[in-house]
Amino acid sequence: MKTSKVWAIAKKEFRDHIRNRWIIALTFIFVVLTIAASYLTGGKAGEELFGRLQGTVSTLLSISSILIPLIAIMLGYSTISGEGENGALPLVLSYPITRGEVLVGKFLGLSLVLIASIAFGFGLGGIVIAVFAGIENTTPYMVFILLSILLGGIYLSLSIFFSAVCKKRSTSIGAGILIFFWSMIYGTIVFGIYLSTGGTLEQLMGSESTLPGWMWKSIVVSPMDMHGTSAMQAFGLEKAFGYAMDVPSYLNLEFLVVIQLLWFLIPAILAYFFFKRRDL
Amino acid sequence: MGKAIEISDLKKSFGNIQALRDLDLVVEENEIYGFLGPNGAGKTTTINILLDFIKPSDGEVKLLGHDSRRESFEIKRKIGFLPERISLYDRLTGKRQLEFVKKTKGADVDLDGLLERVGLEGEGDKKTGKYSKGMKQRLGLAISLIGEPELLILDEPTTGLDPHGKRMVRDIIKEENKRGATIFFSTHILEQAEKISDRVGIIRGGELIAEGTMEELREQVGAESYLRIETDKRPNIDSIEKLEGIKEIEVMGNEIKVKVEENMSFSDFFGYLESQDVKILGFETENSSLEDLFAILTRE
């Protein structure tokens with residue numbers, strides 16, 4: 001694997017997608033919402049719904065955990081299927097460059113676009129928070145940004161994987177939509193099962209939640225919920241599946257990050273094997 | 001001299017469809033080889049196998065002495081490729097994309113000079129999304145030339161170009177050939193193949209059905225020539241048909257149309273007319289058109 005070739009691909013991907021109108025539009029929405037959320041929840045002292053910090057973090061989280069996966073899916077879904085279909089990728093592969101170099105370069109370049117987008121959104125949001133609420137939460141905020149990058153990385157990895165598996169651009173966007181939809185409704189599914197198997201809302205809402213063990217364990221199949229839980233933990237808050245609750249001790253930040261790293265790595269590795277064997 | 005391309009017993013099926021059946025083809029080094037066939041004959045499939053984009057079902061392919069599957073990386077250092085439908089990164093400028101290729105090929109090339117060579121001078125700083133179809137094709141050709149490749153594989157190189165552009169492609173092919181490169185190009189237009197190829201291979205239904213120089217191909221299909229003669233009066237044609245080399249004769253007033261075998265000497269025929277006291281006012285010969293030839297060769 002030659003670094004110069006990987007970089008050539010990464011640069012090309014970055015330059016190409018930083019001009020992608022969908023990415024620009026989503027980043028713009030992201031920036032506007034984070035600034036608004038930071039100002040409204042972080043800047044207004046006194047209005048304490050769940051506590052000021054938690055309010056800010058939950059609001060930012062609800063924005064970022066939708067928009068970041070969307071941006072990541074938009075970046076990755078057609079990078080192999082679409083470019084394979086339209087002929088751009090075969091042309092690149094007629095140069096002396098291996099498929100591994102192409103894939104790593106694509107990951108790198110697209111990740112940089114994603115990081116730029118996140119840095120832009122949370123950077124400006126962070127400035128607003130710093131101005132209105134002070135800088136005492138700088139470290140957890142940085143951790144939150146890193147976790148968001150990890151979340152984006154997972155969805156980028158998943159969408160590139162689907163792009164490597166699917167023959168057509170249209171099927172890979174379908175797969176992207178499915179994985180996004182899955183992530184959005186996962187909490188609802190879990191609670192549906194919980195409530196239909198005898199669980200009650202009272203058990204959920206109390207500070208001493210008594211959720212069954214399987215529910216906690218099942219969090220590892222939902223990157224978005226893991227992200228939410230770990231982000232809250234970064235700020236020293238307990239929240240999972242969208243509710244404030246006591247999280248079991250084994251679901252600590254480190255554990256959740258490791259599982260999320262696996263969610264990033266495994267699709268990436270699988271994407272390589274599918275891409276290597278793929279006809280173009 | 002070595003072989004630039006050696007294809008033996010190449011087979012490729014897509015499901016039940018046999019795209020290539022026992023294709024054998026050899027391109028000599030420093031040759032311009034026209035790969036001619038109607039759409040759907042298997043030209044692009046063959047090229048995709050040459051470049052290791054798709055795996056052959058069976059058979060062996062060597063490019064510049066390297067195995068197309070195991071040594072595809074070695075091959076790609078020595079070739080230039082122009083795909084059938086050029087697809088560029090429309091959000092990037094033409095020059096950026098050339099730079100990208102230059103870097104991946106590790107080549108040393110003057111990009112402005114290259115842009116000028118393909119007729120894109122002054123267009124390098126525009127995004128290719130703003131390029132016309134012909135301009136994209138020109139940039140694609142420029143991309144294929146980066147790194148002075150030993151072998152150029154051009155899939156329908158004149159697609160989307162006006163007559164000027166087509167001539168430019170032919171000139172570039174000749175220049176590259178002079179430099180020492182082998183050129184393998186596909187086309188479905190016989191005229192394109194005929195104009196510059198040293199040899200032409202005709203593919204139909206996934207098989208090579210004819211191969212050789214244009215002259216050899218004409219002979220293979222027994223192509224005929226016509227002779228059109230204008231006379232001052234209607235000759236007696238009964239005994240003309242006995243003359244050697246004459247296949248068919250048609251008389252319309254004072255005009256005679258004779259179908260003759262190629263390379264037949266016409267002097268016997270003229271002598272015969274003179275002996276009949278028929279004056280020849282004018283004549284012209286006509287080869288059966290190339291399109292006819294192609295139609296004969298690729299007829300189902």
Side-chain angles (χ1 to χ4, degrees), chain A residues 1-25 74-75 78-106 108-110 113 164 167 169 274-280, chain B residues 12 14 19 44-45 47-57 63 71-93 95-107 127-129 136 139-141 143-144 146-147 149 151-155:
Chain A
M1 183 137 331
K2 275 222 172 125
T3 336
S4 63
K5 289 184 182 174
V6 172
W7 260 119
I9 297 279
K11 261 195 204 158
K12 188 262 298 164
E13 290 291 332
F14 183 81
R15 286 193 175 122
D16 185 19
H17 284 279
I18 206 83
R19 291 173 175 84
N20 182 332
R21 286 194 190 134
W22 285 102
I23 303 303
I24 294 170
M74 288 306 299
L75 284 171
S78 79
T79 198
I80 293 170
S81 59
E83 287 188 14
E85 217 172 13
N86 73 20
L89 194 54
L91 185 58
V92 170
L93 289 171
S94 77
Y95 314 146
I97 190 160
T98 63
R99 292 190 182 197
E101 286 164 344
V102 170
L103 194 69
V104 173
K106 277 179 176 292
L108 208 61
L110 296 175
V113 178
K167 283 268 163 289
R169 181 194 205 102
F274 276 93
F275 182 37
K276 208 173 153 68
R277 295 185 43 203
R278 184 188 174 99
D279 274 354
L280 286 167
Chain B
K12 177 70 188 176
F14 298 101
T44 297
T45 302
I47 288 175
N48 284 342
I49 290 174
L50 291 180
L51 291 156
D52 194 32
F53 293 157
I54 57 176
K55 297 165 202 64
S57 306
L63 275 79
E71 298 167 298
S72 91
F73 191 78
E74 272 306 305
I75 291 169
K76 284 165 187 178
R77 288 167 59 169
K78 300 178 182 173
I79 63 163
F81 168 56
L82 173 69
E84 187 181 11
R85 276 182 307 133
I86 182 80
S87 188
L88 300 161
Y89 294 95
D90 286 349
R91 291 183 286 254
L92 301 179
T93 65
K95 215 168 166 181
R96 271 253 191 278
Q97 300 191 56
L98 291 179
E99 258 165 35
F100 164 63
V101 183
K102 187 177 156 179
K103 251 182 240 160
T104 52
K105 284 193 172 181
K127 289 181 182 174
T128 57
K136 287 184 180 182
L139 194 73
L141 186 67
I143 286 174
S144 74
I146 291 177
L151 168 63
L152 272 169
I153 298 175
L154 312 173
D155 199 354

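Each chain gets a letter, A, B and so on, in the order its sequence line appears, and its residues count up from 1. Computed from a prediction, not measured in an experiment: that's the story for all the values here.
Neither the backbone nor the side chain of B:Ile146 comes within less than 4.5 Å of any heavy atom in chain A. Heavy atoms closer than 4.5 Å to chain A are found nowhere in B:Ile153, neither backbone nor side chain.
When all heavy atoms of A:Leu91 and B:Ile86 are compared, the closest pair comes out as CD2-CD1, 3.7 Å.
Residues meeting the side chain to side chain contact (heavy atoms under 4.5 Å, CB included) test with A:Ile18, sequence neighbours left out: A:Phe14, A:Val113, A:Ala116. Listed by chain and residue number, A:Phe161 satisfy the ring-ring contact (aromatic ring centres under 6.0 Å, His included) test with A:Phe274 (two or more places apart in sequence, or in another chain).
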Short donor-acceptor separations (under 3.5 Å), chain A to chain B:
{"from": "A:Lys12", "atom 1": "NZ", "to": "B:Tyr89", "atom 2": "OH", "distance (Å)": "3.1"}
{"from": "A:Asp16", "atom 1": "O", "to": "B:Arg91", "atom 2": "NE", "distance (Å)": "2.8"}
{"from": "A:Asp16", "atom 1": "OD1", "to": "B:Arg91", "atom 2": "NE", "distance (Å)": "2.9"}
{"from": "A:Asp16", "atom 1": "OD1", "to": "B:Arg91", "atom 2": "NH2", "distance (Å)": "3.3"}
{"from": "A:Glu83", "atom 1": "OE1", "to": "B:Tyr89", "atom 2": "OH", "distance (Å)": "2.8"}
{"from": "A:Asn86", "atom 1": "O", "to": "B:Ser87", "atom 2": "OG", "distance (Å)": "3.2"}
{"from": "A:Asn86", "atom 1": "OD1", "to": "B:Ser87", "atom 2": "OG", "distance (Å)": "3.0"}
{"from": "A:Leu93", "atom 1": "O", "to": "B:Lys76", "atom 2": "NZ", "distance (Å)": "2.9"}
{"from": "A:Arg277", "atom 1": "O", "to": "B:Lys55", "atom 2": "NZ", "distance (Å)": "2.8"}
{"from": "A:Asp279", "atom 1": "OD1", "to": "B:Lys55", "atom 2": "N", "distance (Å)": "3.4"}
{"from": "A:Asp279", "atom 1": "OD1", "to": "B:Lys55", "atom 2": "NZ", "distance (Å)": "3.2"}
{"from": "A:Leu280", "atom 1": "N", "to": "B:Phe53", "atom 2": "O", "distance (Å)": "2.9"}

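Atom CZ of B:Phe73 and atom CD1 of A:Ile97 lie 8.0 Å apart (nearest 0.5 Å).
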